[in-house]
K.L.:
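Take a look at this one; I'll ask things after.
Every chain is numbered from 1, with letters handed out A, B, ... down the list of sequences.
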Amino acid sequence: MKKLTREFYCRDVLQVAPDLIGKVLVRNLNGQVLRHRIVEAEAYRGEEDDACHARFGKTNRNSVMYNAGGCAYVYLIYGMYWMFNIVTGPGGDPQAVLIRGVDAYPGPGKLTRALAIDKSFYGEDLVTSGRIWIESCAEQPALLLTPRIGIGYAGEPWKSIAWRYILDPRG
DNA sequence: AGCAAGATCGGT
DNA sequence: CCGATCTTGCTG
């Protein structure tokens with residue numbers, strides 16, 4: 001189990017997002033180390049992606065998406081759930097992977113609640129952080145692809161593109 | 001300065 | 001299907 005490096009995250013989001021499935025999200029909660037396998041993720045790719053938070057350009061909320069890969073993009077949705085994303089790409093182009101589920105906690109709002117991830121993680125660097133990072137696993141598991149969830153506001157083709165990656169339950 | 005909508009979830 | 005709950009960013 002090796003901690004993922006900067007190079008892993010600095011690739012295009014369409015390479016990183018599927019590669020994150022099966023990897024282990026590690027959270028050090030005041031000395032208690034929680035480890036969970038990532039089972040669901042989605043890619044958000046650039047200002048031209050009509051579902052991406054950067055579709056209107058750089059704003060205060062999404063500014064961290066323009067960083068080089070490896071840091072966290074955390075935001076509040078519906079006034080009560082924190083969404084945990086990982087920025088990808090070489091920098092300059094806003095990209096991020098939304099972590100939508102881990103083994104014990106399916107659902108993006110549930111996993112942030114269980115792992116105590118909140119606004120204080122905005123911009124946290126997963127390459128150097130001592131409280132959250134990701135480790136590699138033995139082998140790349142089989143995946144299923146579907147369109148992204150909860151982005152009905154987006155137009156075509158963005159609404160229908162299969163940029164949601166799920167661990168294949170059949171292995 | 002005001003307001004509508006949101007990358008969700010849990011209970012009817 | 002609907003309400004909770006509050007930040008964001010668009011519009012005027």
Side-chain angles (χ1 to χ4, degrees), chain A residues 4 8-23 25 27 29 34 36-89 91-126 132 134 143-169:
Chain A
L4 298 185
F8 178 93
Y9 298 110
C10 282
R11 295 173 298 150
D12 190 277
V13 69
L14 296 183
Q15 305 238 59
V16 178
D19 274 4
L20 281 174
I21 304 299
K23 298 285 190 293
L25 177 61
R27 171 79 168 97
L29 236 180
L34 308 174
H36 291 286
R37 202 168 183 220
I38 297 171
V39 300
E40 181 181 352
E42 284 175 355
Y44 289 86
R45 188 173 187 269
E47 295 179 349
E48 69 272 22
D49 177 358
D50 206 14
C52 181
H53 281 173
R55 62 188 178 282
F56 299 125
K58 196 172 190 172
T59 67
N60 190 56
R61 177 175 67 164
N62 68 27
S63 63
V64 75
M65 292 183 80
Y66 289 76
N67 289 2
C71 51
Y73 167 42
V74 178
Y75 65 91
L76 186 67
I77 191 66
Y78 299 120
M80 53 189 99
Y81 299 105
W82 295 103
M83 297 288 105
F84 175 61
N85 300 250
I86 298 162
V87 175
T88 69
D93 185 42
Q95 308 185 343
V97 179
L98 169 65
I99 304 302
R100 288 191 54 90
V102 295
D103 49 20
Y105 308 106
K110 293 197 231 176
L111 78 89
T112 53
R113 192 179 51 193
L115 302 186
I117 296 172
D118 60 16
K119 187 71 176 176
S120 74
F121 283 78
Y122 186 90
E124 185 93 354
D125 189 344
L126 304 218
I132 193 165
I134 299 177
L143 305 182
L144 296 179
L145 278 64
T146 84
R148 294 171 289 181
I149 302 296
I151 55 154
Y153 56 83
E156 297 291 358
W158 312 108
K159 181 166 32 174
S160 303
I161 293 182
W163 283 353
R164 174 173 175 239
Y165 308 88
I166 314 174
L167 184 74
D168 189 335

K.L.:
Quote, to the nearest angstrom, the P distance that separates C:dT5 from B:dG2.
P.N.:
23 Å
K.L.:
With centres under 5.5 Å and planes under 30°, do A:Tyr78 and C:dA4 count as stacked?
P.N.:
no
K.L.:
Give the dot-bracket line for DNA chain B from 5' end to 3' end: parentheses for intra-strand Watson-Crick or G-U pairs under 3.5 Å, square brackets for crossings, | for inter-strand pairing, dots for unpaired.
P.N.:
||||||.||||.
K.L.:
Which nucleotide in the list C:dT8, B:dG10, B:dA7 gets nearest to the side chain of A:Lys110?
P.N.:
B:dG10
K.L.:
Hey, is the side chain of A:Tyr153 poking within less than 4.0 Å of OP1 or OP2 on B:dA7, counting only N and O atoms?
P.N.:
yes
K.L.:
If you measure from CD1 on A:Ile132 to CD1 on A:Ile86, what distance do you get to the nearest 0.5 Å?
P.N.:
7.5 Å
K.L.:
Among A:Arg148, A:Arg55, A:Lys159, whose salt bridge (Lys or Arg N to Asp or Glu O under 4.0 Å) with A:Asp49 holds?
P.N.:
A:Arg148
K.L.:
Starting the side chain at C-beta, find the nucleotide from B:dG6, C:dG9, B:dC9 nearest to A:Tyr81.
P.N.:
B:dC9
K.L.:
For residues A:Arg61 and A:Tyr122, determine if any side-chain heavy atom of one lies less than 4.5 Å from a side-chain heavy atom of the other.
P.N.:
no
K.L.:
If only side-chain N and O atoms of A:Arg55 are considered, is one of them under 4.0 Å from the OP1 or OP2 phosphate oxygen of C:dT8?
P.N.:
no
K.L.:
Out of C:dG9, B:dT8, B:dG10, which has the shortest distance to the side chain of A:Thr59?
P.N.:
C:dG9
K.L.:
Side-chain contact, heavy-atom cut-off 4.5 Å: A:Leu14 with A:Tyr165?
P.N.:
yes
K.L.:
NA contact type, A:Phe56, heavy-atom cut-off 4.0 Å: base, sugar-phosphate, or nothing?
P.N.:
sugar-phosphate
K.L.:
State whether A:Arg61 places a side-chain N or O below 4.0 Å from either non-bridging phosphate oxygen (OP1 or OP2) of C:dT7.
P.N.:
no
K.L.:
Does OP1 or OP2 of B:dT8 have a side-chain N or O of A:Arg100 closer than 4.0 Å?
P.N.:
yes
K.L.:
Closer to the 5' end of DNA chain B via nearest nucleotide, is it A:Pro108 or A:Gly152?
P.N.:
A:Gly152
K.L.:
Assuming nearest nucleotide by heavy-atom distance, tell me which of A:Lys119 and A:Met80 is located more 5' along DNA chain C.
P.N.:
A:Met80
K.L.:
Does any non-hydrogen side-chain atom of A:Arg100 lie less than 4.5 Å from one of A:Ile149?
P.N.:
yes
K.L.:
Which is true for A:Ile151 with a 4.0 Å heavy-atom rule: it touches a base, it touches only sugar-phosphate, or it touches nothing?
P.N.:
sugar-phosphate
K.L.:
Please name the residue in the list A:Gln95, A:Arg45, A:Arg11 that meets the side chain to side chain donor-acceptor pair (under 3.5 Å) test with A:Thr88.
P.N.:
A:Gln95
K.L.:
Within the structure shown, what part of the strands sits under 4.0 Å from A:Arg164 by heavy-atom distance: base, sugar-phosphate, or nothing?
P.N.:
nothing
K.L.:
From CE of A:Met83 over to P of B:dA5, roughly how many Å is that when rounded to an integer?
P.N.:
20 Å
K.L.:
For the side chain of A:Leu76, starting at C-beta, report the closest nucleotide among B:dT8, B:dG10, C:dT7.
P.N.:
C:dT7
K.L.:
For A:His53 and A:Tyr75, take the angle between the two ring planes, folded into 0 to 90°, and tell me which bin it lands in: parallel under 30, tilted 30 to 60, perpendicular over 60.
P.N.:
perpendicular
